[in-house]
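Okay, structure first, notes after.
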Amino acid sequence: MLDRNYIRDHPDEVRAALEQKGVEDVDFDAILDYDEEWRELKARGDDLRHERNQVSSKIGELKQAGEHEEADEAIETSQELKAELESVEDRAAELEAKLDDLLLELPQIPHEDVPVGDSEDDNRERRREGFDDLRELPEEVTPHYELGEELDIIDEARAAKTTGSGFYFLKGEGAQLEYALLQFMLELHREQGYVDLFPPIPVNSESMTGTGQLPKFAEDAYKLEGEDLWLCPTAEVPVTNMYRDDILLKEDLPIKHQAYTPNFRREAGEHGTETRGIVRVHQFNKVEMVNFVEPDTSYEAFDRLVDEAEEVLRRLDLPYRILEMCTADLGFTQAKKYDIEVWAPGDEMDDGPEEGGRWLEVSSVSNFEDFQARRAGLRYRPERHESAEYIHTLNGSGLALPRVMVAILEYYQNDDGTVTIPEPLRPYMGGKEVIEGHEPVGESALGAGEKD
RNA sequence: GCCGAGAUAGCCUAGCCCGGCCAAGGCGGUAGAUUCGAAAUCUACUGUCCUCACGGACACGGGAGUUCAAAUCUCCCUCUCGGCGCCA
């Protein structure tokens with residue numbers, strides 16, 4: 001949420017931001033008008049109330065002095081004031097409620113460094129890492145969704161049965177790889193100074209509003225029937241809202257939390273060749289890093305956060321690139337955002353690198369500045385005697401698991417259809433070095449002619 | 001789920017029965033005075049909004065109501081604590 005004073009004083013900046021982010025469904029002039037009218041009413045209401053307070057206290061005095069006649073007169077005056085006050089304040093309350101709703105739909109203003117653009121084509125590639133010394137790949141890399149089925153470590157069909165499309169079972173070595181990735185990432189971020197959290201998975205509407213998923217993006221999330229609860233769309237929501245309405249101390253900052261959670265997203269209508277397999281699913285695990293920092297340090301924290309997320313891929317020795325998002329590709333809440341995209345060589349896509357394959361977004365690192373803090377009431381006291389100020393929040397995935405798994409299954413694939421396990425993960429898989437897969441189970445396995 | 005008790009400023013606490021006279025007091029913090037310096041002491045400041053300002057309004061968990069007037073009375077909600085029940 002933007003500061004109302006800021007909006008009054010810098011309307012042109014807000015208009016520019018709306019245009020750069022391509023937001024067209026907000027009537028900013030109406031907001032300014034409402035605010036103007038509200039302030040007038042507020043001033044009038046304050047005056048009336050002042051008058052009433054004076055009359056009221058006089059009534060007390062008169063009554064104690066035993067001057068009942070004059071007291072009754074004063075009561076009459078007070079009653080008249082009351083009626084007028086009510087109409088003024090009702091109108092003001094109406095306007096303020098409207099204003100609050102509208103303000104929740106005003107997006108964050110992009111940081112001045114962010115390249116202005118119209119679409120994702122205007123995003124800038126900052127750098128590319130890990131392509132100098134590539135692994136020897138099979139002639140034809142099998143896409144993860146075929147390989148996962150062949151090795152019987154990913155079972156989408158049976159998940160469709162128990163749950164629906166867009167979900168999957170991981171089995172045996174597949175599930176082990178998932179756990180190994182989790183443990184590995186969490187341990188790495190611990191080294192980077194993160195304190196673990198395991199949050200509640202359902203979150204209420206207030207939390208969803210605090211981080212900006214509501215009110216505009218309700219249709220992206222799963223809602224529990226009969227409850228004011230949503231299935232966690234990202235750990236950002238419970239973790240950022242953890243300190244809602246708290247006042248933190250200067251010495252508390254920066255606070256760095258990491259949290260593993262499952263994430264649930266409806267992803268309505270997202271089916272096609274680009275989303276085969278487990279690259280876009282309704283439930284996936286992710287380790288999220290969230291930083292709470294003093295305002296003037298948030299851009300340092302941003303650079304550090306990108307590096308902390310990258311470290312996962314560096315250690316796994318997976319090639320990737322860093323993309324700087326242009327204004328059009330910034331989210332509603334974001335002032336600045338970098339994406340990290342890992343290289344997955346299994347599927348040819350037009351916008352992939354020269355080496356073939358495609359890019360998969362595995363992390364998004366964002367600085368929200370005080371946008372979320374203002375919505376959620378996240379403050380700190382810069383000096384003991386000073387009044388509280390909004391902090392800055394940032395977060396970054398570190399990382400989203402399924403797409404890392406895709407990259408591993410494709411990039412670490414061997415000629416014989418097995419997958420070499422990246423070294424840092426082996427300690428978490430009982431020393432296992434290669435994923436060899438399982439015999440399929442059930443009558444359908446007979447069709448493959450592999451069981452007598 | 002049931003019964004009971006509670007929620008007051010950054011923190012701790014009074015006021016609530018019995019409505020009216022700045023939400024009293026303490027702690028912590030900042031500045032000043034004092035001091036060679038410190039401790040102690042004293043003074044001022046230490047929530048939000050509107051206003052260029054003077055000033056004013058609001059704020060006692062949240063919301064609604066009663067009243068000329070609500071921290072105080074009534075109702076609803078949220079959360080916390082205690083007891084009982086249920087439960088992995």
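Naming convention: chains lettered A, B, ... in sequence-line order (proteins, then strands); numbering from 1 in each chain. No hydrogens, no waters, no symmetry mates; every other heavy atom, side chains included, goes into these values.
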Heavy-atom side-chain proximity of A:Val237 to A:Gln213 below 4.5 angstrom: yes

Are the side chain of A:His282 and the backbone of A:Gly166 linked by a donor-acceptor contact shorter than 3.5 Å?
-> no

On RNA chain B, more 5' by nearest nucleotide between A:Ile247 and A:Gly60 is A:Ile247

A correct 5'-to-3' footprint of nucleotides 47-66 of chain B, with B, S and - meaning base, sugar-phosphate only and no protein heavy atom under 4.0 Å, is -SBSS----BSS--------

Rounded to whole Å, the CD-P distance (A:Glu206 to B:C77) equals 18 Å

Between CD of A:Glu251 and C1' of B:G28 the distance, given in whole Å, is 12 Å

Using the P atoms only, state how far B:C18 lies from B:U74, rounded to an integer number of Å. 9 Å

- In whole Å, what separates the C1' atom of B:C81 from that of B:C75? 24 Å

- Task: Take atom P in B:A88 and the same atom in B:U72, then report the distance between them in whole Å.
- Result: 44 Å

Q.
Work out how far the C1' atom of B:A23 is from that of B:C76, and round it to whole angstrom.
A. 26 Å

Requested in this report: Compute both the distance and the angle, then confirm whether A:Arg91 meets the cation-pi test with A:Trp38: under 6.0 Å from the six-membered ring centre, within 45 degrees of the axis.
Outcome: no

What distance, rounded to whole Å, do you find between the two P atoms, one in B:C12 and one in B:C2?
30 Å

In whole Å, what separates the P atom of B:A71 from that of B:C58?
10 Å

Of A:Tyr390, A:Phe292, A:Tyr380, the one forming a ring pair (Phe, Tyr, Trp, His ring centres under 6.0 Å) with A:Tyr243 is A:Phe292

Take atom P in B:A64 and the same atom in B:A59, then report the distance between them in whole Å.
11 Å

Taking a pair to mean Watson-Crick or G-U wobble geometry with both distances below 3.5 Å, B:G19 pairs with none

Report the relative orientation of the aromatic rings in A:Tyr222 and A:Phe167; use parallel for angles under 30°, tilted for 30 to 60°, perpendicular for over 60°.
tilted

Do the ring planes of A:Phe371 and A:Phe332 sit parallel (below 30°), tilted (30 to 60°) or perpendicular (above 60°)?
perpendicular

